[in-house]
Amino acid sequence: MTSLFAIVDCNNFYASCERVFNPALNGRPVVVLSNNDGCIIALSNEAKALGIKMGTPYFQARPQLEKDGVAVFSSNYELYGDMSRRVVETLQQFTPNLEVYSIDESFLDLGDFYKIDLQSYAKTIKETVFQWTGIPVAVGVATTKTLAKVANRLSKKSTKADGVLVLTDERHIEAALKRTDVGSVWGIGRRYATKLAGLGIHTAWDLRNVTDGFAKKHLTVVGLRTVKELRGESCMELEHMPPAKQNICTSRSFGETLTELTDLEEALATHTVRCAMKLRKQKSCAGVITVFLMTNRFTEQHYYYSRTIKLDSPTSSELDLLRHATRALKQLYRPGLQYKKAGVIVSDIVPANQVQLSLLSSQNTERDTKLMHVLDDLREKYGNKFVKYGVQGTGKKWQLKEEHISACYTTDLSGLLKVG
DNA sequence: TCTGGGGTCCTAGGACCC
DNA sequence: TCTGGGGTCCTAGGACCC
């Protein structure tokens, strides 16, 4: 029984989301910026054609963006998250065996679909998603996830394929792998690509033909799996239910550099609350909390300052976590430093129902748990800003720079009032 | 002046134990 | 002077993904 996977990948996802609600942008170059309007993280095809590169700092690209009339957006994750959900719901019409791999990619298990015409089936998926959501996607089909990724990538490059490529024929696979740089293979990053080039491996086809021993020696067991997948031997299963996260991190750069303890406290308190909410959402508790502060990593050698605290017993209460985060911050803080970013990481994560309570704290814990339920419900109904702590402050100073944010078309009803 | 955020997995080496 | 060997746990660092 051979496996069969499709990967559905949204084209230039964030840029496409902006377009869905602003059709005047069709045919125009569009870019989307990272948090704080820092870097370019998404480009429409027209923007790519202008030679603009992913990851370029906004301030560097700005002259060209203005000259070429590129539409620029701050990232709007509320909008992208909602559009992502719509795409997934559409895909679920095709199969329940689906893995949401990232905000803009899903794997579909087509294990039993060999008998059907895969080419026209994949085309139907693509057309349906566009019809229902307005998001253009590309579909790659193959016997392993890694080969499906290759197919997906090539489907976007060929006008003949037009966003749909089924890669099951051995001759086609060979041709496809010969046309794929080794660095474009899923699992081979920049470092490995450079290393492999030094060893005479330049294409995906070269990589497919190395020995197992070579792969393991130079790329570890992870790379060996990639090589096997290129040969058509499926080593990566579909993951229906993503496992609970083992670390959860919430961090942001500040809109401007901060020096005062109280400003840092406000920012960190907000990150801590969000971290606790993520923790509770996956029904976990954390045994360790780390607070970090960063100064300018581009100009200073020592820019990362962190403090890790082991908790008496794992918790998901933001009251507990706030107390420890504040204590850690006070130990970390040095007057006179120009801080650019702060964050909270919780780790040593265990399922909430497995937490052993220490006898002394159990009464508090029970009360906290009830309180957290109430807070989560209120935030669900009225939004995150509805319930805030004094220590979170007004946030004016540290909040993100978002000079080009679009409206939350899909979730924000107040937008309708403004228009009407 | 400006340069994102949030994750995973593997390996090597040191600490520690018997 | 000499100072085994094997197992486990933890951490830091390095690689990758979107």
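For clarity, every value in this text was computed on a predicted model and none was experimentally measured.
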Within the structure shown, what part of the strands sits under 4.0 Å from [X] by heavy-atom distance: base, sugar-phosphate, or nothing?
| X | result |
| --- | --- |
| A:Asn35 | sugar-phosphate |
| A:Lys341 | sugar-phosphate |
| A:Tyr192 | sugar-phosphate |
| A:Ile188 | sugar-phosphate |
| A:Lys195 | nothing |
| A:Val185 | sugar-phosphate |
| A:Ser75 | nothing |
| A:Leu219 | nothing |
| A:Gln246 | sugar-phosphate |
| A:Arg297 | sugar-phosphate |
| A:Lys216 | nothing |
| A:Asp104 | sugar-phosphate |

* To do: Between A:Cys249 and A:Lys401, name the one whose nearest nucleotide on DNA chain B is closer to the 5' end.
  => A:Lys401
* Start at the 5' end of DNA chain B and walk down; is the nucleotide closest to A:Phe254 or to A:Thr250 reached first? -> A:Phe254
* NZ/NE/NH1/NH2 to OD/OE distance under 4.0 Å, A:Arg327 and A:Glu265 -> no
* Stepwise side chain to side chain donor-acceptor pair (under 3.5 Å) test for A:Glu18 and A:Tyr80 -> CA-CA 9 Å; A:Glu18 296 294 347; A:Tyr80 312 150; 2.7 Å; yes
* Structure fact -> Contact span of DNA chain C against chain A, any nucleotide atom under 4.0 Å from a heavy atom, 5' to 3', runs C:dA15 to C:dC18
* A:Tyr333 vs A:Tyr305, ring-ring contact (aromatic ring centres under 6.0 Å, His included): CA-CA, chis, key distance, verdict -> CA-CA 9 Å; A:Tyr333 175 73; A:Tyr305 302 81; over 10 Å; no
Checking [Y] against [X]: is there a side-chain donor and acceptor pair closer than 3.5 Å?
| X | Y | value |
| --- | --- | --- |
| A:Asp37 | A:His404 | no |
| A:Asn12 | A:Ser44 | no |
| A:Gln282 | A:Ser284 | yes |

* To do: Apply the test salt bridge (charged side-chain N to carboxylate O under 4.0 Å, His left out) to residues A:Lys145 and A:Glu239: give CA-CA distance (whole Å), side-chain angles for both, the deciding distance (0.1 Å), then the verdict.
  => CA-CA 12 Å; A:Lys145 283 180 162 181; A:Glu239 288 182 10; 5.8 Å; no
* Asked: Does B:dC18 pair with anything, Watson-Crick or G-U wobble, both distances under 3.5 Å, and if so, with which nucleotide?
  -> C:dG5
* To do: Rounded to whole angstrom, note down the P distance from B:dT3 over to C:dC18.
  => 25 Å
